[in-house]
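See structure below.
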Amino acid sequence: MSSTTEKLNKSNANETSENDESSTSPQVESTSDFETGSITVSKDGHFIHCLTIIGQIEGHYILPSQNKTTKYEHVIPQLVAIEESKEIEGLLIILNTVGGDVEAGLAIAELLSTMKTPTASLVLGGGHSIGVPLAVSCKRSFIVPSATMTVHPVRMNGLVLGVPQTLSYFEKMQDRIVNFVANNSRISSDDFRRLMMKTGELVMDVGTVLDGEGAVETGLIDCLGGLSDALDFLNNVIEEKEQ
């Protein structure tokens with residue numbers, strides 16, 4: 001068994017050596033796991049991990065198979081591994097989500113906001129509903145001009161009991177979201193509530209749809225920018241830490 005293992009190790013080492021020699025960009029390496037929507041890239045010796053949050057955020061209940069989902073039980077262990085990694089020096093979160101489970105989304109957002117690893121978020125397409133706290137949870141948030149963000153009150157599907165306790169539960173859940181967003185962005189809690197309760201903009205609902213520029217103007221998102229801007233921010237933070 002040991003001799004077989006040694007042969008396999010030598011074979012893998014030879015293959016790795018050949019791949020390194022044939023690479024046209026020896027300073028840039030990457031490892032990926034596309035099934036979980038993540039990739040780690042190394043440039044000039046700095047490792048930055050990219051994690052995507054797309055579709056609908058799946059929480060305590062399994063969504064239909066035709067739904068594109070991000071499972072929070074997959075994301076949370078990845079964040080723990082990234083935070084504890086000695087190699088990964090920055091984390092980029094790319095968002096294109098319609099929202100989803102409120103508590104699952106907040107759980108991910110709270111983890112992101114408490115990480116020591118430098119983090120940046122980039123909203124592409126949309127960062128709606130519970131995607132808003134996720135977008136603001138990173139140290140610096142970016143949004144492309146064509147992206148949109150929908151801010152609206154907490155909603156619940158299924159059987160709802162028409163009792164005062166239900167309304168109190170909704171109000172407390174909404175307070176958690178408002179406070180988190182206000183504490184992790186430049187928008188005040190009062191302004192964010194006004195966006196949530198705005199009428200006349202959404203069909204059969206209350207709330208506000210913001211484009212990229214509008215999200216920055218309100219203080220919800222830090223900067224207009226794209227992929228290169230987010231990566232430049234992370235690289236600058238990493239270089240500053242090394243000095």
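In terms of heavy-atom proximity, Ala230 sits nearest to Phe142 at CA-CE1, 3.8 Å. For the pair Pro133 and Ala109, the tightest heavy-atom approach, listed with the atom from each and the gap, is O-CB, 3.9 Å. Contact record, Val132 with Gly127: CG2-O, 3.5 Å, taken as the closest heavy-atom pair. The minimum heavy-atom distance linking Ser185 with Gly219 is given by the pair CB-O, 3.6 Å. In this structure, Ile93 and Cys138 approach most closely via the heavy-atom pair CG1-SG, 4.0 Å. Of all heavy-atom pairs between Glu89 and Gly45, the closest is OE2-O, 3.6 Å.
Side-chain atoms of Val102 and Ile57, non-hydrogen and from C-beta on, never get closer than 4.5 Å to each other. Asp101 has its side chain out of reach of Ile130: every pair of non-hydrogen atoms, C-beta onward, lies at least 4.5 Å apart. Using a 4.5 Å heavy-atom threshold, the side chains of Ile54 and Ile94 count as separate. Using a 4.5 Å cut-off on side-chain heavy atoms (C-beta onward), Leu79 and Leu112 make contact. Residues Ile48 and Thr40 form no side-chain contact, since every pair of their non-hydrogen atoms from C-beta on lies 4.5 Å or further apart. When side chains are defined from C-beta on, Pro77 does not count as touching Val80, because their heavy atoms never get closer than 4.5 Å. With contacts defined as side-chain heavy-atom distances shorter than 4.5 Å, the pair Lys172/Phe170 does not qualify. At least one side-chain heavy atom of Leu91 sits under 4.5 Å from a side-chain heavy atom of Met115.
Side-chain heavy atoms closer than 4.5 Å link hydrophobic residues (I, L, V, M, F, W, Y) into clusters, and following such links, even through other members, never connects Val144 to Leu95. Cluster annotation: Leu122 is not connected to Val181 through the hydrophobic network of ILVMFWY side chains, with a link wherever side-chain heavy atoms come within less than 4.5 Å. In the hydrophobic cluster analysis, where Ile, Leu, Val, Met, Phe, Trp and Tyr join through side-chain heavy atoms closer than 4.5 angstrom, Val98 is grouped apart from Met149. Residue Ile53 is grouped with residue Ile88 when hydrophobic side chains (ILVMFWY) are merged at heavy-atom distances under 4.5 angstrom, including chains of intermediate members. Linking Ile, Leu, Val, Met, Phe, Trp and Tyr whenever their side-chain heavy atoms come within less than 4.5 Å leaves Leu231 and Ile39 in two separate clusters.
In Lys71, the NZ atom is crowded: over 12 heavy atoms of neighbouring residues, nucleotides or ligands sit closer than 6.0 Å. Dense packing is recorded around CD of Glu73, with more than 12 heavy atoms of other residues, nucleotides or ligands lying under 6.0 Å away.
Panel note: side chain Ser121, backbone Ala135; a donor-acceptor pair is recorded below 3.5 Å. Put simply, the side chain of Ser85 never gets that close to the backbone of Ala81: no donor and acceptor are under 3.5 Å apart. Side chain of Glu58 to backbone of Thr70: no donor-acceptor contact under 3.5 angstrom is found. Between the Gln174 side chain and the Pro153 main chain, no donor and acceptor come within less than 3.5 Å of each other.
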Walk me through it: do Leu220 and Phe192 pass the test side chain to side chain contact (heavy atoms under 4.5 Å, CB included)?
CA-CA 8 Å; Leu220 193 59; Phe192 189 68; 4.0 Å; yes

Run the side chain to side chain contact (heavy atoms under 4.5 Å, CB included) test on Glu110 and Ser113 for me, step by step, so that the C-alpha distance in whole Å, both residues' side-chain angles and the decisive distance to 0.1 Å come before the verdict.
CA-CA 5 Å; Glu110 287 284 7; Ser113 68; 3.8 Å; yes

Take His49 and Thr119 through the side chain to side chain contact (heavy atoms under 4.5 Å, CB included) test and state the conclusion after the steps.
CA-CA 10 Å; His49 190 86; Thr119 56; over 6 Å; no

Could you walk me through whether Ile108 and Leu134 pass side chain to side chain contact (heavy atoms under 4.5 Å, CB included), step by step?
CA-CA 7 Å; Ile108 297 172; Leu134 286 167; 3.6 Å; yes

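Here Phe180 contributes atom CZ and Ser189 contributes atom OG; the two are 14.5 Å apart, rounded to the nearest 0.5 Å. In this structure, CG in Asn236 is found 9.5 Å from CZ in Arg140, a value given to the nearest 0.5 Å. Asp222 CG to Ser141 OG: the interatomic distance, rounded to the nearest 0.5 Å, is 3.5 Å. Rounded to the nearest 0.5 angstrom, Ile82 CD1 and Leu51 CG are separated by 6.0 Å. Atoms CG and NE2, from Asn235 and His46 in turn, are 6.5 Å apart once rounded to the nearest 0.5 Å. Between atom SG of residue Cys50 and atom CG of residue Leu92 there is a gap of 4.5 Å, rounded to the nearest 0.5 Å.
Side-chain contact of His128 with Thr97: a donor-acceptor pair under 3.5 Å is absent, judged by distance alone. Side-chain polar atoms of Thr148 and Asp211 form no donor-acceptor pair below 3.5 angstrom. A donor-acceptor contact closer than 3.5 angstrom links the side chains of Thr117 and Glu83. Side-chain contact of Ser38 with Gln78: a donor-acceptor pair under 3.5 Å is present, judged by distance alone.
Residues Arg193 and Asp175 are paired through a salt bridge, judged by an N-O separation under 4.0 Å between the basic side chain and the carboxylate.
Listed by chain and number, the hydrophobic cluster partners of Val209 are Leu202, where partners are ILVMFWY side chains within reach of under 4.5 Å, directly or through others.
None of Ile187, Ile177, Leu195 except one satisfies the side chain to side chain contact (heavy atoms under 4.5 Å, CB included) rule with Val151; the exception is Leu195.
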